[in-house]
Amino acid sequence: MLFTAGDLARMRFVVAPMWEVGPSLRLLRSGLPHAVHGPWVEQVRPRLGALGPALGLLAELVPPTGYVPDFLNPAPTGAAPTLAEELAAIRATPAGQARRDLDRLAADQGALGPRLQALYADPAAGLARLAEAIEAYWELALAPYWARIRAVLDADVLYRARQAAEHGAARVLNELHAGLRWTDGALRLGHRARPLNRRTAGPGLLLIPSAFTGPGLYTLLAPSAPPQLAYPARGIGDLWTTPSAPVGTALAAVLGRSRALLLTELAAPASTTELAQRTGLSPSAVSQYLTALRDARLVSAHRAGRWVLYARTATAEALLNPPG
């Protein structure tokens with residue numbers, strides 16, 4: 001894939017929620033254990049049934065292997081688009097593009113399932129339903145864990161930015177992944193049997209760290225948009241093994257021991273009932289304390305079917321696990 005100096009000048013890093021949606025769903029539906037994401041899989045997989053029809057639509061869109069429609073990963077316009085911004089871009093996908101991507105999916109998989117046939121027949125209505133399905137999946141599977149995932153992705157970007165400042169863009173590209181090499185003005189992707197046609201995409205290059213893409217690289221070229229290259233972020237191996245900090249005397253003095261205890265117990269998202277069982281507090285007390293922590297923006301709540309999962313926010317993570 002040939003690049004110009006202008007492309008390198010436009011190279012940038014992006015943290016994109018949608019690049020976590022498809023790969024994470026594929027992992028959950030595989031039914032297989034996972035060496036890195038095992039704790040997350042064990043907690044989330046039993047809840048997938050709560051998605052109902054939304055899971056069926058996403059399952060057709062993200063098959064176990066092979067091509068995933070390009071419109072699922074619209075080119076981000078900023079460095080850190082929100083899920084809402086990406087869903088708006090998905091809903092705005094032109095009907096012609098949606099049908100071309102679905103034609104390619106049908107060729108890859110042999111046929112379209114009934115839900116995707118409906119999307120093909122009426123892209124505007126189908127994409128609206130798809131956005132709702134993605135949002136439901138996000139709330140169940142990723143939103144409660146996003147503060148922790150986002151911290152790993154941001155740390156990767158900061159590391160690569162420092163590399164670029166100290167050693168240049170070529171060093172960054174050559175150390176991004178074992179299957180990626182920058183030589184003689186060309187970016188060589190070892191995992192591809194055929195070269196990518198650089199002329200089919202817009203200028204620049206988007207480098208996207210991901211928690212769930214696995215050990216390989218994912219590439220996306222779309223007309224007029226910069227090429228997207230998703231790669232496994234540094235530090236994923238420690239994503240779910242961060243130890244809970246003990247209840248600190250200073251933190252307990254500020255928040256109260258029960259509230260501080262609940263924060264430490266939320267190393268993984270949990271429901272009110274689970275927290276009551278683990279801490280010995282009554283469910284009503286846990287609910288009251290969680291409301292106070294949520295008002296202070298130390299805890300967020302996410303509905304997952306019949307459950308409401310509580311999770312620490314980035315602010316709470318920083319309080320419990322201060323840097324260095």
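All values below come from the heavy atoms of this structure, side chains included, with hydrogens, waters and symmetry mates left out. Computed from a predicted model, the values in this text were never measured in an experiment.
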Close side-chain approach of Leu220 and Leu206, heavy atoms under 4.5 Å: no
query: Looking at Gly216 and Pro232, what are the two nearest heavy atoms and their distance?
result: O-CD, 3.3 Å
- request: Quick one: pull up OH in Tyr289 and CG in Leu262 and give me the separation to the nearest 0.5 Å.
  value: 8.5 Å
message: Looking at Arg294, I'd like to know if its CZ atom is crowded, meaning that more than 12 non-hydrogen atoms belonging to other residues, nucleotides or ligands lie closer than 6.0 Å.
response: no
task: Check the pair Leu229 / Leu180 against side chain to side chain contact (heavy atoms under 4.5 Å, CB included), numbers first and verdict last.
output: CA-CA 10 Å; Leu229 179 63; Leu180 190 68; 3.7 Å; yes
message: Return the CG to CG distance between Leu83 and Leu142, rounded to the nearest 0.5 Å.
response: 9.0 Å
message: Nearest 0.5 angstrom please: Asp103 CG to Leu112 CG, how far?
response: 7.5 Å
query: Under 4.5 Å between any side-chain heavy atoms of Asp70 and Leu221, yes or no?
result: no
- prompt: Looking at Gly237 and Val36, what are the two nearest heavy atoms and their distance?
  reply: CA-CG1, 4.3 Å
query: Going through the checks in order, is the side chain to side chain contact (heavy atoms under 4.5 Å, CB included) test met by Glu86 and Ile134?
result: CA-CA 11 Å; Glu86 293 196 295; Ile134 293 170; over 6 Å; no
message: Applying side chain to side chain contact (heavy atoms under 4.5 Å, CB included) to Leu72 and Val62, what does each step give before you reach the verdict?
response: CA-CA 9 Å; Leu72 193 63; Val62 183; 4.0 Å; yes
field: Over 12 non-hydrogen atoms of neighbours within 6.0 angstrom of CD in Glu60
entry: yes
query: Nearest 0.5 Å, what's the CG-CG distance between Leu293 and Leu266?
result: 8.0 Å
query: Between Leu55 and Leu25, is any pair of side-chain heavy atoms under 4.5 Å apart?
result: yes
field: ring-ring contact (aromatic ring centres under 6.0 Å, His included) partner of Phe212, chosen from Trp19, Trp40, Tyr218
entry: Trp40
- prompt: Going by distance alone, is a donor N or O of one side chain under 3.5 Å from an acceptor N or O of the other, for Ser284 and Ser282?
  reply: yes
message: For a 4.5 angstrom cut-off between non-hydrogen side-chain atoms, does His177 reach Leu217?
response: yes
task: Starting at CG of Leu116, measure out to CG of Leu61 and round the result to the nearest 0.5 Å.
output: 6.0 Å
- prompt: Are any non-hydrogen side-chain atoms of Pro74 and Ile90 less than 4.5 angstrom apart?
  reply: yes
query: Going through the checks in order, is the side chain to side chain contact (heavy atoms under 4.5 Å, CB included) test met by Leu130 and Leu58?
result: CA-CA 8 Å; Leu130 172 60; Leu58 291 177; 3.8 Å; yes
- prompt: For Asp108, which residues count as a side chain to side chain donor-acceptor pair (under 3.5 Å) partner, sequence neighbours excluded?
  reply: none
field: From Arg312 atom CZ to Glu317 atom CD, the distance as rounded to the nearest 0.5 Å
entry: 4.0 Å
statement: Closest non-hydrogen contact found for Arg115 with Gly56 is CD-C, 3.6 Å
query: Looking at side-chain heavy atoms only, is the closest gap between Asp101 and Tyr67 below 4.5 Å?
result: yes
field: Inter- and intrachain pairs under salt bridge (Lys or Arg N to Asp or Glu O under 4.0 Å), touching residues 149-165, at least two apart
entry: Arg150-Asp154, Asp156-Arg160, Arg162-Glu166
- request: Decide yes or no for Val44 and Tyr145: does some side-chain heavy atom of the first lie under 4.5 Å from some side-chain heavy atom of the second?
  value: yes
- prompt: Do Leu263 and Tyr310 have side chains that get closer than 4.5 Å, going by heavy atoms?
  reply: no
